[in-house]
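Structure first, commentary second.
In what follows, chains are A, B, ... by sequence order, proteins preceding strands, each numbered from 1.
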Protein chains: 2
Amino acid sequence: MNKIAPKLVVRRLPIYLHILDNLIRNDVQIISSRELSDETGFTAEQIRKDLAFFGAFGTRGTGYNTSFLREKILKIIGLDDQTNIVVVGAGHLGIALIRYNVTNNSYVNVVAAFDIDPDVIGLKILDVEVMPMARMKEIAEEYKVKVAILTVPSEQAQIAVEQIIQSGINVIFNFAPTKLHVPEGVYVRNANLSIELQSLIYYATSEKEKKF
Amino acid sequence: MNKIAPKLVVRRLPIYLHILDNLIRNDVQIISSRELSDETGFTAEQIRKDLAFFGAFGTRGTGYNTSFLREKILKIIGLDDQTNIVVVGAGHLGIALIRYNVTNNSYVNVVAAFDIDPDVIGLKILDVEVMPMARMKEIAEEYKVKVAILTVPSEQAQIAVEQIIQSGINVIFNFAPTKLHVPEGVYVRNANLSIELQSLIYYATSEKEKKF
DNA sequence: TCATGTGAAGAGCTTCACAGCA
DNA sequence: TGCTGTGAAGCTCTTCACATGA
């Protein structure tokens, strides 16, 4: 394994994982790329190529063993044990993501939230405590946290990023509508919901109504 | 204009729009693709190509007039007047998105939320009322709603989709972790936050720790 | 001179067509 | 036979290099 994995392939792996979990729960032991295609909407060829990038996990003439493939994908992503993350910014969105994540995601666990507002510090969302930013490094080290969800306002985003990086976290899922400046080796994915929403409007409006 | 706009270009337009809004607020009248590159992280060439796809909006040797370019992008996206949307599913995530959107997005306006739970029907989140699903069509027609944010649980997603489509809405921003089946002409964008989060773990784990 | 606009080249991802193997 | 695995072709998007024009 020396080629680097295509970004879009990596983003599809958890989708396959989710389907495999459901299949295994229903005692399905074998699945073909054609059936996975029906479940996902991706083509069977694409699914085979995605998986084949990491190795030959299937059996010709038969398909993929669901449990075996699940284990392989867990290893590839790096989800082999419970992965701990933190939420930075305990506003409405941060709190909603904590509740949402806990109920929807059995692989990733939020260990703490951080905020600068004394009014929210000390609160518990489900069993997740909101702590002052100063405790981030201690928590990150204790729980081996490598990923942070960032939901602070734009103005505070860059300052929060410095603290996140100093805490040893190297992946940021950024919900603040601003560009983050990070050093080499830190990976940022932006999830700017307002901007996504605006781009969707494009597909709601017929071409005829647009003049430019 | 007969070629169809590249999807990735459309997704970047609101990013340019956001920056232009800030520049105009600070009385900046001219911006070059180089400066837009510094603000966005995209290359200057890419920004020029993105904009040039829709027309020649700049002045050679000078740059782009911020107000002029803003107007053009608004027209291209279809944001020429306040765009109304609805939220389907008034759980934690739906409520958080209503609060988040209202405070972050001056172009898009949530006119109503819908849910099946009698306990939340009648609630107001800011000034957005939670209504029974049966009222969706009426509201969609009254406010010319073309876009819905879908935040119901997976099991209810497909049923909700039928109602959304029957209400005349043709674009769905889907937060439910399930594949939606829609007819031709309906555009779905998935924002599965758990799955995005899982794919990020890949970038947090060093290659050395992975064996497959 | 300086920054836009644009063909051409390049990179990345998907689809095709079929070889390979249980 | 049936489904995986994979080079080759095709498509989409990005980068390059420079012609164009204020």
Side-chain angles (χ1 to χ4, degrees), chain A residues 1-13 15-16 19-20 23 28-70 72-73 76 187 189-190 199 202-203 212, chain B residues 1-13 15-16 19-20 23 28-70 72-73 76 189 199 202-203 212:
Chain A
M1 184 59 43
N2 30 25
K3 285 189 64 182
I4 86 149
K7 288 185 202 52
L8 296 179
V9 174
V10 172
R11 289 178 79 156
R12 283 190 293 266
L13 292 177
I15 299 174
Y16 304 142
I19 291 165
L20 290 170
L23 291 170
V28 178
Q29 280 163 28
I30 299 291
I31 184 99
S32 69
S33 60
R34 169 60 44 210
E35 291 165 303
L36 280 171
S37 171
D38 295 340
E39 294 285 334
T40 59
F42 307 129
T43 67
E45 299 87 333
Q46 182 170 53
I47 292 166
R48 291 202 301 275
K49 259 240 152 76
D50 283 357
L51 299 174
F53 179 86
F54 299 101
F57 301 147
T59 309
R60 293 171 196 230
T62 308
Y64 300 91
N65 177 294
T66 51
S67 299
F68 179 78
L69 185 56
R70 173 178 175 278
K72 289 296 182 185
I73 293 177
I76 293 165
Y187 184 94
R189 180 164 311 160
N190 293 307
S199 76
Y202 179 88
Y203 297 101
F212 41 87
Chain B
M1 185 58 44
N2 29 26
K3 285 189 63 181
I4 88 147
K7 287 185 204 48
L8 296 178
V9 174
V10 172
R11 288 178 80 155
R12 285 191 293 267
L13 292 176
I15 299 175
Y16 304 143
I19 290 165
L20 290 170
L23 291 169
V28 177
Q29 281 162 28
I30 299 291
I31 184 95
S32 69
S33 60
R34 170 59 43 210
E35 291 165 301
L36 280 171
S37 171
D38 295 341
E39 296 284 336
T40 58
F42 307 130
T43 66
E45 298 87 332
Q46 182 170 53
I47 292 167
R48 291 203 300 276
K49 260 238 153 75
D50 284 357
L51 299 175
F53 178 86
F54 300 101
F57 301 148
T59 308
R60 290 169 196 234
T62 308
Y64 299 90
N65 177 294
T66 51
S67 299
F68 179 78
L69 185 56
R70 173 178 175 278
K72 289 295 182 186
I73 293 177
I76 294 165
R189 180 164 312 161
S199 76
Y202 180 87
Y203 297 100
F212 43 88

List for me each residue that meets side chain to side chain donor-acceptor pair (under 3.5 Å) alongside [X], sequence neighbours excluded, and say none if there are none.
X       : answer
B:Thr66 : none
B:Arg11 : A:Glu196
B:Ser32 : B:Glu35
B:Gln46 : none

Partner residues of B:Arg48 under the salt bridge (Lys or Arg N to Asp or Glu O under 4.0 Å) criterion, sequence neighbours left out
none
Results of salt bridge (Lys or Arg N to Asp or Glu O under 4.0 Å) for B:Arg12 - residues two or more places apart only
B:Asp50
Rounded to whole angstrom units, what separation is found between the [atom1] atom of [X] and the [atom2] atom of [N]?
X       : N      : atom1 : atom2 : value
A:Phe53 : C:dT14 : CZ    : P     : 13 Å
A:Asn65 : D:dC3  : CG    : C1'   : 15 Å
B:Tyr16 : C:dT4  : OH    : P     : 12 Å
B:Asp50 : D:dT14 : CG    : C1'   : 10 Å

Taking only side-chain N and O atoms of A:Tyr64, does any of them lie within less than 4.0 angstrom of OP1 or OP2 on C:dA22?
no
Heavy-atom side-chain contact between A:Tyr203 and B:Lys7 under 4.5 Å
yes
Excluding sequence neighbours, so at least two apart, what forms ring pair (Phe, Tyr, Trp, His ring centres under 6.0 Å) with A:Phe68?
none
Give the nucleotide from the list C:dA3, C:dG5, C:dT14 with an atom nearest to the side chain of B:Ser32.
C:dA3
Between its two end axes (five pairs each) the helix from C:dT1-D:dA22 to C:dA22-D:dT1 turns, nearest 10 degrees, through 0°
Given protein heavy atoms under 4.0 Å, the one-letter contact record of nucleotides 15-22 of chain D, with B base, S sugar-phosphate only and - none, is simply BBB-BBBB
Quick one: label B:Arg11 by what it contacts on the DNA or RNA (base, sugar-phosphate, nothing), any heavy atom closer than 4.0 Å.
nothing
